Visitor: 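Quick one: structure below, then a few questions.
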Amino acid sequence: MANIQWYPGHMNKAKNQLEDKLDLIDVIIEVLDARLPMSSKNPMISKLIANKAHIIILNKADLADAIKTKAWVKFFQKQGILVLSMDAQHSNNMSGLIKLIKIATKDKVDKIIAKGAKEPVIKVAIAGIPNCGKSTIINRLVGRNATIVGDKPGVTRGQNWLKTDTNIQILDTPGILWPKFDDRNIGLKLAACGAIKDSVFHADDVSIFVLKYLREQYLDLLVDFCKTSAEKIEKINDIDLLLAMTQLFGMRDDYERFSIFFLQRLRKGKIGRITFDLP
């Protein structure tokens, strides 16, 4: 398997623009994919956060293993980080997030109010990797379709300040990856979950990686998806399993076509609730 890397020019530009606006920002909301909370945590964003008030959202929690998501929430809480698991696509309830924003900015707001201001504006930046649900969260907070939402990475290209019905203003930022994944598995996980443009990698490589992981961690889900027995799956290697599944789903020997289909089903949660980063 080749190493997967994807860092187009607009991502570097977005990182620089976010860095330039840090002085204006009161709190940074870092949106992670609940299926891979560590692999989707951009080290460049972590550096930018520095001493800023910081909130982590584990989004797409409906697609992740619920037990492992709870463990990840505890993991971040133990570090003193405000964290919230969320399914932004299907939930209109943003009250939990607004509550965390107010907690994160309380000291600063209290100081401003003490000087005579009635309701100071809170400026929030929402950042994360591509296709992690930032735009959906923003639209929920704003109460309208203020940003373009897509199920593929790279939809948002520019930065915009957006107003909400409250005293919160939001800076929408494009999805930002980092120039090089030191661990090849990180690139494979990001590709599997749709954070990397499909044309950048070979779908069969990523599918074989996912099959291997499912055999080790979620064999029951793989058995249900394949409509076969665990014994049959365990008897063959990952490549032969991919070929067998290609035939099983009526695609003959077109394993590339099946690989794309398999990844699409995975991303939509049709195989089951799966977490790729173990807490």
Side-chain angles (χ1 to χ4, degrees), residues 1-8 11 30-43 45 56-69 71-73 75-76 85-90 126-137 149-156 174-178 180-218 221-222 225 238 242 258-279:
M1 296 183 186
N3 286 345
I4 298 172
Q5 305 291 342
W6 188 47
Y7 189 63
M11 289 189 187
E30 185 180 14
V31 183
L32 305 180
D33 190 318
R35 296 168 293 180
L36 39 147
M38 199 53 67
S39 296
S40 62
K41 201 171 194 324
N42 187 336
I45 293 177
I56 282 180
I57 292 179
L58 299 178
N59 195 33
K60 301 190 177 182
D62 58 311
L63 302 176
D65 185 323
I67 294 174
K68 291 182 174 60
T69 298
W72 275 112
V73 168
F75 171 84
F76 289 115
S85 64
M86 183 183 293
D87 167 19
Q89 185 175 0
H90 301 104
I126 296 186
I129 65 168
N131 202 27
C132 64
K134 297 183 305 301
S135 295
T136 302
I137 292 170
V149 176
D151 61 355
K152 59 184 180 179
V155 173
T156 303
I176 306 171
L177 289 171
W178 50 108
K180 183 179 180 181
F181 308 132
D182 293 329
D183 182 347
R184 183 182 66 178
N185 285 349
I186 289 177
L188 291 166
K189 291 176 186 179
L190 291 170
C193 292
I196 294 177
K197 197 172 181 179
D198 286 347
S199 60
V200 173
F201 59 85
H202 297 293
D204 55 325
D205 281 351
V206 178
S207 293
I208 289 170
F209 168 80
V210 172
L211 286 174
K212 177 178 174 60
Y213 182 78
L214 294 183
R215 287 163 69 122
E216 294 171 354
Q217 299 292 336
Y218 294 98
L221 297 182
L222 188 57
F225 184 72
D238 300 317
L242 177 68
F258 171 76
S259 297
I260 295 169
F261 164 80
F262 179 65
L263 293 178
Q264 289 173 341
R265 305 308 283 173
L266 173 78
R267 293 167 185 170
K268 292 180 179 179
K270 300 300 182 181
I271 298 175
R273 298 180 65 165
I274 297 163
T275 296
F276 287 93
D277 284 345
L278 302 180

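This is a predicted model, so every value here is computed, not measured. Keep in mind that the numbers below use all heavy atoms, side chains included, and drop hydrogens, waters and symmetry copies.
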Visitor: What pairs of residues pass the salt bridge (Lys or Arg N to Asp or Glu O under 4.0 Å) test when at least one of them lies in residues 270-279, not counting sequence neighbours?
Guide: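 Residue pairs with at least one partner in residues 270-279: Lys189-Asp277.
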
Visitor: Looking at every heavy atom in both Lys60 and Asp33, which two are closest together, and how far apart are they?
Guide: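 Minimum heavy-atom contact is CD-OD2, 4.1 Å.
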
Visitor: Please state whether the rings of Phe75 and Trp72 are parallel, tilted or perpendicular, taking 30° and 60° as the class boundaries.
Guide: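 Perpendicular.
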
Visitor: Can you check whether Leu190 reaches Ile4 side chain to side chain, under 4.5 Å on heavy atoms?
Guide: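 The answer is no; the side chains never approach within 4.5 Å.
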
Visitor: Using every non-hydrogen atom in the two residues, find where Ala61 and Leu58 come nearest and quote the distance to one decimal.
Guide: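 Heavy atoms of Ala61 and Leu58 come nearest at CB-O, 4.0 Å.
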
Visitor: I'd like to check the ring-ring contact (aromatic ring centres under 6.0 Å, His included) partners of Phe201; sequence neighbours left out, ordered by chain and number.
Guide: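 Testing Phe201 for ring-ring contact (aromatic ring centres under 6.0 Å, His included), a comparison that skips the adjacent residues, returns none.
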
Visitor: Nearest 0.5 Å, what's the CG-CD distance between Leu222 and Gln217?
Guide: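 Rounded to the nearest 0.5 Å, the CG-CD separation comes to 12.5 Å.
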
Visitor: If you round to the nearest 0.5 Å, how far is CD1 of Ile56 from OG of Ser85?
Guide: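 Rounded to the nearest 0.5 Å, the OG-CD1 separation comes to 12.5 Å.
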
Visitor: Let me confirm one number: the CG-CZ distance from Asn185 to Phe209, rounded to the nearest 0.5 Å.
Guide: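 Between atom CG of Asn185 and atom CZ of Phe209 there are 4.5 Å.
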
Visitor: Stepwise, does the side-chain contact (heavy atoms from CB on, under 4.5 Å) test hold for Met86 with Val31?
Guide: CA-CA 10 Å; Met86 183 183 293; Val31 183; over 6 Å; no

Visitor: I need the minimum non-hydrogen distance between Ala192 and Val210, along with the two atoms involved.
Guide: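 Here Ala192 and Val210 meet closest at CB-CG2, 3.7 Å.
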
Visitor: Kindly write out the residues that satisfy salt bridge (Lys or Arg N to Asp or Glu O under 4.0 Å) with Asp62, not counting sequence neighbours, or none if the list is empty.
Guide: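 For Asp62 there are no salt bridge (Lys or Arg N to Asp or Glu O under 4.0 Å) partners, ignoring immediate neighbours.
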
Visitor: Backbone N or O of Phe181 within a donor-acceptor pair of the Gln5 side chain at under 3.5 Å?
Guide: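 Side chain of Gln5 to backbone of Phe181: a pair is present.
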
Visitor: Are the side chains of Ser259 and Val206 in touch, meaning some heavy atoms are under 4.5 Å apart?
Guide: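 With C-beta onward as the side chain, the pair stays apart.
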
Visitor: Taking the side chain as everything from C-beta on, heavy atoms only, tell me whether Leu211 gets closer than 4.5 Å to Phe262.
Guide: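 Side chain of Leu211 against side chain of Phe262, heavy atoms only: contact under 4.5 Å found.
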
Visitor: List the residues meeting side-chain hydrogen bond (donor to acceptor under 3.5 Å, both in side chains) with Asp238, not counting sequence neighbours, and say none if there are none.
Guide: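 If we apply the side-chain hydrogen bond (donor to acceptor under 3.5 Å, both in side chains) test to Asp238, skipping adjacent residues, the hits are Arg215.
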
Visitor: Tell me, with the steps shown, if Tyr218 and Ile271 meet side-chain contact (heavy atoms from CB on, under 4.5 Å).
Guide: CA-CA 10 Å; Tyr218 294 98; Ile271 298 175; over 6 Å; no

Visitor: Using 0.5 Å steps for rounding, measure from the CG atom of Asp183 to the OG atom of Ser39.
Guide: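 Answer for the CG-OG pair, Asp183 versus Ser39, is 7.0 Å.
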
Visitor: Take Cys132 and Asn59, measure what side-chain contact (heavy atoms from CB on, under 4.5 Å) needs, and give me the verdict at the end.
Guide: CA-CA 7 Å; Cys132 64; Asn59 195 33; 5.8 Å; no

Visitor: Considering non-hydrogen atoms only, spot the tightest contact between Asp198 and Arg267 and give its length.
Guide: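 The answer is OD1-NH2, 3.1 Å.
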
Visitor: Listed by chain and number, what are the side chain to side chain contact (heavy atoms under 4.5 Å, CB included) partners of Ala64, not counting sequence neighbours?
Guide: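 Result, side chain to side chain contact (heavy atoms under 4.5 Å, CB included) vs Ala64: Ala34, Arg35, Thr69, Thr275.
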
Visitor: Of all heavy-atom pairs between Ala127 and Ile45, which one has the smallest distance, and what is that distance?
Guide: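 Looking at all heavy atoms of both residues, the closest pair is CB-CD1, 4.0 Å.
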
Visitor: Check the surroundings of atom CD in Gln89: do more than 12 heavy atoms from other residues, nucleotides or ligands lie under 6.0 Å from it?
Guide: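 No - once you tally the heavy atoms of other residues, nucleotides and ligands closer than 6.0 Å, there are 12 at most.
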
Visitor: Among residues at least two apart in sequence or on other chains, which ones pass side-chain hydrogen bond (donor to acceptor under 3.5 Å, both in side chains) with Asn42?
Guide: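 Partners of Asn42 under the side-chain hydrogen bond (donor to acceptor under 3.5 Å, both in side chains) test: none.
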
Visitor: Please round to the nearest 0.5 Å and tell me the distance separating atom NE2 of His90 and atom OG1 of Thr136.
Guide: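 Interatomic distance, His90 NE2 to Thr136 OG1, rounded to 0.5 Å: 10.0 Å.
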
Visitor: Keeping Asn131 on the side-chain end and Gly194 on the backbone end, is there a donor-acceptor pair under 3.5 Å?
Guide: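 Answer holds: yes.
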
Visitor: Please list, chain by chain and in numerical order, all residues satisfying side chain to side chain contact (heavy atoms under 4.5 Å, CB included) with Asp182, sequence neighbours excluded.
Guide: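 Counting only residues at least two positions away or on another chain, Asp182 forms a side chain to side chain contact (heavy atoms under 4.5 Å, CB included) with Lys180.
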
Visitor: State the CG-CD1 distance between Leu221 and Ile274, to the nearest 0.5 angstrom.
Guide: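 CD1 of Ile274 is found 5.5 Å from CG of Leu221.
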
Visitor: Please enumerate all residues that pass ring-ring contact (aromatic ring centres under 6.0 Å, His included) together with Tyr213, with sequence neighbours excluded.
Guide: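 ring-ring contact (aromatic ring centres under 6.0 Å, His included) list for Tyr213, sorted by chain: Phe276.
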
Visitor: Is the CG atom of Leu278 crowded by more than 12 outside heavy atoms at less than 6.0 Å?
Guide: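 Counting neighbours around CG of Leu278, more than 12 heavy atoms of other residues, nucleotides or ligands fall under 6.0 Å, so yes.
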
Visitor: Write down the atom of Trp178, the atom of Lys41, and the distance for their closest heavy-atom approach.
Guide: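 Shortest heavy-atom contact: CH2-O, 4.1 Å.
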
Visitor: Using the test side-chain hydrogen bond (donor to acceptor under 3.5 Å, both in side chains), find all partners of Lys68 that sit at least two apart in sequence or belong to another chain.
Guide: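 With sequence neighbours excluded, Lys68 shows a side-chain hydrogen bond (donor to acceptor under 3.5 Å, both in side chains) to Asp65, given in chain and number order.
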
Visitor: In sequence, state the C-alpha distance, the side-chain angles, and the governing distance for Phe258 and Asp204, and then conclude on side-chain contact (heavy atoms from CB on, under 4.5 Å).
Guide: CA-CA 8 Å; Phe258 171 76; Asp204 55 325; over 6 Å; no

Visitor: Partners of Gln264 by side chain to side chain contact (heavy atoms under 4.5 Å, CB included), sequence neighbours excluded?
Guide: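 Only Ile260 meet the side chain to side chain contact (heavy atoms under 4.5 Å, CB included) criterion with Gln264.
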
